[in-house]
Q: 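First, the structure itself, so that you have it in front of you.
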Amino acid sequence: RGRRFDAVVVNSTYHFRASATNLLSAEFMGIIRRHLNPGGVFFYNTTGSPRVQRTGCLGFAHGARFENHMVLSDAPIAWDFERWRHTLESYHIDGKAIFDMSWARDRAQIETFMAWKNDLATAGPGRHIEPCADVIARTAGQRVTTDDNMGSEWLHPLHLE
(Lines give C-alpha, C1' and ligand atoms only; values in the text may rest on other atoms or scores of the structure.)
Protein backbone atom coordinates (compact mmCIF):
# COMPACT_ATOMS: atom_id res chain seq x y z
CA ARG A 1 0.00 0.00 0.00
CA GLY A 2 2.71 2.51 0.86
CA ARG A 3 5.20 1.48 -1.84
CA ARG A 4 6.57 4.11 -4.20
CA PHE A 5 8.37 3.75 -7.50
CA ASP A 6 10.66 5.75 -9.79
CA ALA A 7 8.74 4.46 -12.79
CA VAL A 8 5.50 2.63 -13.48
CA VAL A 9 5.10 1.03 -16.91
CA VAL A 10 1.73 -0.23 -18.14
CA ASN A 11 1.55 -1.90 -21.55
CA SER A 12 -2.20 -2.23 -21.61
CA THR A 13 -4.45 -3.74 -24.24
CA TYR A 14 -6.48 -1.78 -26.79
CA HIS A 15 -8.29 1.21 -25.28
CA PHE A 16 -11.65 -0.11 -26.52
CA ARG A 17 -11.38 -3.60 -24.98
CA ALA A 18 -13.58 -4.58 -22.07
CA SER A 19 -12.26 -3.30 -18.73
CA ALA A 20 -9.50 -1.23 -20.38
CA THR A 21 -10.82 1.84 -18.57
CA ASN A 22 -9.55 0.30 -15.32
CA LEU A 23 -6.02 1.13 -16.54
CA LEU A 24 -6.74 4.30 -18.50
CA SER A 25 -9.06 6.41 -16.35
CA ALA A 26 -8.39 9.64 -14.52
CA GLU A 27 -8.99 7.75 -11.28
CA PHE A 28 -6.30 5.19 -12.13
CA MET A 29 -3.92 8.04 -12.98
CA GLY A 30 -4.52 9.37 -9.47
CA ILE A 31 -3.63 5.99 -7.97
CA ILE A 32 -0.42 5.88 -10.01
CA ARG A 33 0.51 9.43 -8.96
CA ARG A 34 0.24 8.46 -5.28
CA HIS A 35 2.71 5.62 -5.86
CA LEU A 36 5.38 7.59 -7.72
CA ASN A 37 8.46 8.92 -5.99
CA PRO A 38 9.15 12.62 -6.48
CA GLY A 39 10.27 12.95 -10.09
CA GLY A 40 8.83 9.51 -10.90
CA VAL A 41 7.52 8.73 -14.37
CA PHE A 42 4.38 6.95 -15.56
CA PHE A 43 4.75 5.35 -19.01
CA TYR A 44 1.73 3.66 -20.54
CA ASN A 45 0.23 2.54 -23.83
CA THR A 46 -2.68 4.61 -25.18
CA THR A 47 -3.10 2.45 -28.31
CA GLY A 48 -3.61 5.73 -30.15
CA SER A 49 -6.69 6.98 -28.27
CA PRO A 50 -6.87 10.80 -28.19
CA ARG A 51 -9.16 10.60 -25.13
CA VAL A 52 -6.65 8.48 -23.25
CA GLN A 53 -3.84 10.84 -24.23
CA ARG A 54 -5.86 13.85 -23.05
CA THR A 55 -6.72 12.12 -19.78
CA GLY A 56 -3.05 11.53 -19.03
CA CYS A 57 -1.97 15.06 -19.88
CA LEU A 58 -4.68 16.56 -17.68
CA GLY A 59 -3.72 14.27 -14.80
CA PHE A 60 -0.03 15.17 -14.58
CA ALA A 61 1.86 18.45 -14.60
CA HIS A 62 4.41 17.37 -17.24
CA GLY A 63 4.58 14.91 -20.06
CA ALA A 64 4.28 14.03 -23.70
CA ARG A 65 2.91 11.50 -26.12
CA PHE A 66 5.82 9.27 -27.14
CA GLU A 67 4.64 7.45 -30.28
CA ASN A 68 1.45 5.76 -29.01
CA HIS A 69 2.49 5.89 -25.35
CA MET A 70 2.38 8.62 -22.74
CA VAL A 71 5.30 9.57 -20.53
CA LEU A 72 4.03 11.62 -17.58
CA SER A 73 5.35 13.06 -14.34
CA ASP A 74 4.64 15.74 -11.77
CA ALA A 75 8.22 16.94 -12.30
CA PRO A 76 9.73 18.27 -15.51
CA ILE A 77 10.97 15.44 -17.71
CA ALA A 78 14.67 15.54 -18.60
CA TRP A 79 14.80 14.49 -22.24
CA ASP A 80 18.37 13.16 -22.35
CA PHE A 81 18.83 11.98 -25.91
CA GLU A 82 22.56 11.31 -25.52
CA ARG A 83 21.81 8.97 -22.62
CA TRP A 84 19.13 7.31 -24.75
CA ARG A 85 21.69 6.91 -27.57
CA HIS A 86 24.17 5.30 -25.20
CA THR A 87 21.48 2.97 -23.82
CA LEU A 88 20.31 1.89 -27.29
CA GLU A 89 23.87 1.36 -28.49
CA SER A 90 24.67 -0.83 -25.48
CA TYR A 91 21.59 -3.11 -25.58
CA HIS A 92 22.45 -6.79 -26.02
CA ILE A 93 20.34 -9.96 -26.16
CA ASP A 94 22.15 -13.26 -25.67
CA GLY A 95 25.44 -11.41 -26.10
CA LYS A 96 24.45 -9.94 -29.48
CA ALA A 97 24.12 -6.18 -29.92
CA ILE A 98 20.63 -5.01 -30.87
CA PHE A 99 22.16 -2.18 -32.88
CA ASP A 100 25.43 -3.10 -34.57
CA MET A 101 27.12 0.26 -34.97
CA SER A 102 29.38 -1.14 -37.73
CA TRP A 103 26.27 -1.33 -39.95
CA ALA A 104 25.12 1.83 -41.70
CA ARG A 105 21.48 0.76 -41.35
CA ASP A 106 21.72 0.52 -37.55
CA ARG A 107 23.63 3.81 -37.27
CA ALA A 108 20.93 5.46 -39.40
CA GLN A 109 18.19 4.07 -37.15
CA ILE A 110 19.87 5.51 -34.06
CA GLU A 111 20.19 8.88 -35.81
CA THR A 112 16.49 8.72 -36.70
CA PHE A 113 15.65 8.26 -33.03
CA MET A 114 17.95 11.11 -32.04
CA ALA A 115 16.21 13.42 -34.52
CA TRP A 116 13.00 12.96 -32.52
CA LYS A 117 14.45 15.57 -30.17
CA ASN A 118 13.29 18.16 -32.71
CA ASP A 119 9.68 17.02 -32.18
CA LEU A 120 9.71 18.61 -28.73
CA ALA A 121 10.06 22.09 -30.24
CA THR A 122 8.26 21.64 -33.57
CA ALA A 123 4.50 21.87 -33.95
CA GLY A 124 2.42 19.91 -36.42
CA PRO A 125 1.36 16.39 -37.29
CA GLY A 126 3.65 13.42 -37.71
CA ARG A 127 5.75 13.98 -34.62
CA HIS A 128 6.97 11.01 -32.63
CA ILE A 129 7.02 13.07 -29.42
CA GLU A 130 4.22 15.57 -28.76
CA PRO A 131 4.32 17.67 -25.56
CA CYS A 132 1.20 17.62 -23.41
CA ALA A 133 0.33 21.24 -24.19
CA ASP A 134 -0.02 20.23 -27.85
CA VAL A 135 -1.89 17.02 -26.97
CA ILE A 136 -4.40 19.05 -24.94
CA ALA A 137 -4.88 21.52 -27.80
CA ARG A 138 -5.25 18.71 -30.37
CA THR A 139 -7.78 16.83 -28.25
CA ALA A 140 -9.94 19.84 -27.32
CA GLY A 141 -13.54 18.72 -27.05
CA GLN A 142 -12.64 15.14 -26.12
CA ARG A 143 -14.03 13.89 -22.83
CA VAL A 144 -11.67 12.66 -20.14
CA THR A 145 -11.78 8.89 -19.60
CA THR A 146 -13.23 8.11 -16.17
CA ASP A 147 -14.35 5.03 -14.30
CA ASP A 148 -17.92 6.27 -14.71
CA ASN A 149 -17.99 6.89 -18.47
CA MET A 150 -16.18 3.67 -19.43
CA GLY A 151 -13.90 5.58 -21.74
CA SER A 152 -13.85 4.04 -25.19
CA GLU A 153 -15.34 0.69 -24.31
CA TRP A 154 -18.82 1.86 -25.30
CA LEU A 155 -18.04 4.62 -27.80
CA HIS A 156 -15.47 2.93 -30.05
CA PRO A 157 -17.57 -0.08 -31.17
CA LEU A 158 -20.46 2.27 -31.98
CA HIS A 159 -18.14 4.56 -34.02
CA LEU A 160 -18.92 7.44 -31.69
CA GLU A 161 -15.28 8.06 -30.85
Q: CD1/I110 to CZ/F99 distance, rounded to the nearest 0.5 angstrom?
A: 4.5 Å

Q: Within 45° of the six-membered ring axis of F60 and under 6.0 Å from that ring's centre, is NZ or CZ of R33 located there?
A: yes

Q: Please name the pair of heavy atoms, one in A61 and one in D74, separated by the smallest distance, quoted to 0.1 Å.
A: N-OD1, 3.4 Å

Q: Please confirm whether the backbone N or O of T145 pairs with a side-chain atom of T55, one donor and one acceptor, at under 3.5 Å?
A: yes

Q: Q53 pairs by side chain to side chain contact (heavy atoms under 4.5 Å, CB included) with which of Q142, R138, H69?
A: R138

Q: Tell me if the aromatic rings of F81 and W116 count as close, with their centers under 6.0 Å from one another.
A: no

Q: Mind running side-chain hydrogen bond (donor to acceptor under 3.5 Å, both in side chains) on D148 and T146 for me, showing each step along the way?
A: CA-CA 5 Å; D148 292 334; T146 69; 5.1 Å; no

Q: Tell me if the NE2 atom of H92 is crowded by more than 12 foreign heavy atoms within 6.0 Å.
A: yes

Q: What residues form a salt bridge (charged side-chain N to carboxylate O under 4.0 Å, His left out) with E89, not counting sequence neighbours?
A: R85

Q: Do S73 side-chain atoms and P76 backbone N/O form a donor-acceptor pair below 3.5 Å?
A: no

Q: To the nearest 0.5 angstrom, please state how far the OG1 atom of T87 sits from the CD1 atom of I98.
A: 13.0 Å

Q: For a quick test of reading the model, state the closest non-hydrogen atom pair linking D106 to D100 and the distance between them.
A: OD2-N, 2.7 Å

Q: For a side chain to side chain contact (heavy atoms under 4.5 Å, CB included) with N45, tell me which candidate from L24, L23, N11 qualifies.
A: N11

Q: Give the C-alpha distance, both sets of side-chain angles, the deciding distance and a yes or no for side-chain contact (heavy atoms from CB on, under 4.5 Å) between Y44 and F28.
A: CA-CA 12 Å; Y44 69 99; F28 185 69; over 6 Å; no

Q: Mind checking whether I129 and M114 sit in one hydrophobic cluster, side chains of I, L, V, M, F, W, Y counted as touching below 4.5 Å?
A: yes

Q: Is the backbone of R83 close enough, under 3.5 Å, to the side chain of D80 for a donor and an acceptor to pair up by distance?
A: yes

Q: So that I can tick it off, tell me whether D134 and R65 are bridged by a salt bridge, with the cut-off set at under 4.0 angstrom between side-chain N and carboxylate O.
A: no

Q: With clusters defined by side-chain heavy atoms of hydrophobic residues (ILVMFWY) lying less than 4.5 Å apart, directly or transitively, does F43 cluster with F5?
A: no

Q: Taking all heavy atoms of R127 and all of P131, pick out the closest pair and write down the distance.
A: NH1-CD, 3.6 Å

Q: Using a cut-off of 6.0 Å, state whether more than 12 heavy atoms not belonging to I93 lie near its atom CD1.
A: no

Q: Are V9 and V71 linked, directly or through intermediate hydrophobic residues, by side-chain heavy-atom contacts shorter than 4.5 Å (ILVMFWY only)?
A: yes

Q: Could you grab the distance from atom OG1 of T46 to atom CD of E67, nearest 0.5 Å is fine?
A: 10.5 Å

Q: Whether the side chain of H35 engages the backbone of R3 through a donor-acceptor N/O pair (distance < 3.5 Å, no angle test) should be reported.
A: yes

Q: Would you say D147 and S25 are linked by a side-chain donor-acceptor pair, where the criterion is simply a distance under 3.5 Å?
A: yes

Q: Evaluate the side-chain contact (heavy atoms from CB on, under 4.5 Å) criterion for residues L88 and F113: first the C-alpha distance (whole Å), next the side-chain angles of each, then the deciding distance (0.1 Å), finally the verdict.
A: CA-CA 10 Å; L88 290 172; F113 291 146; 3.7 Å; yes

Q: Do T139 and R51 pass the side-chain contact (heavy atoms from CB on, under 4.5 Å) test, and can you show the C-alpha distance, the side-chain angles, and the key distance before you say yes or no?
A: CA-CA 7 Å; T139 60; R51 287 185 71 198; over 6 Å; no

Q: Please lay out, stage by stage, how L36 and V41 fare under the test side-chain contact (heavy atoms from CB on, under 4.5 Å).
A: CA-CA 7 Å; L36 287 175; V41 173; 5.9 Å; no

Q: Check whether R54 reaches the backbone of A137 with its side chain - one donor and one acceptor, N or O, closer than 3.5 Å.
A: no

Q: Which pairs with one or both residues in residues 23-124 pass disulfide (SG to SG under 2.5 Å), sequence neighbours excluded?
A: C57-C132

Q: Is there a path from V52 to V10 through hydrophobic residues (I, L, V, M, F, W, Y) whose side chains come within less than 4.5 Å of each other?
A: yes

Q: Determine whether the aromatic ring centres of F66 and W84 lie less than 6.0 Å apart.
A: yes

Q: Roughly how far, to the nearest 0.5 Å, is the OG1 atom of T112 from the CD atom of Q109?
A: 5.0 Å

Q: Hey, any chance M101 and Y91 share a hydrophobic cluster, counting ILVMFWY side chains that come within less than 4.5 Å of each other, even indirectly?
A: yes

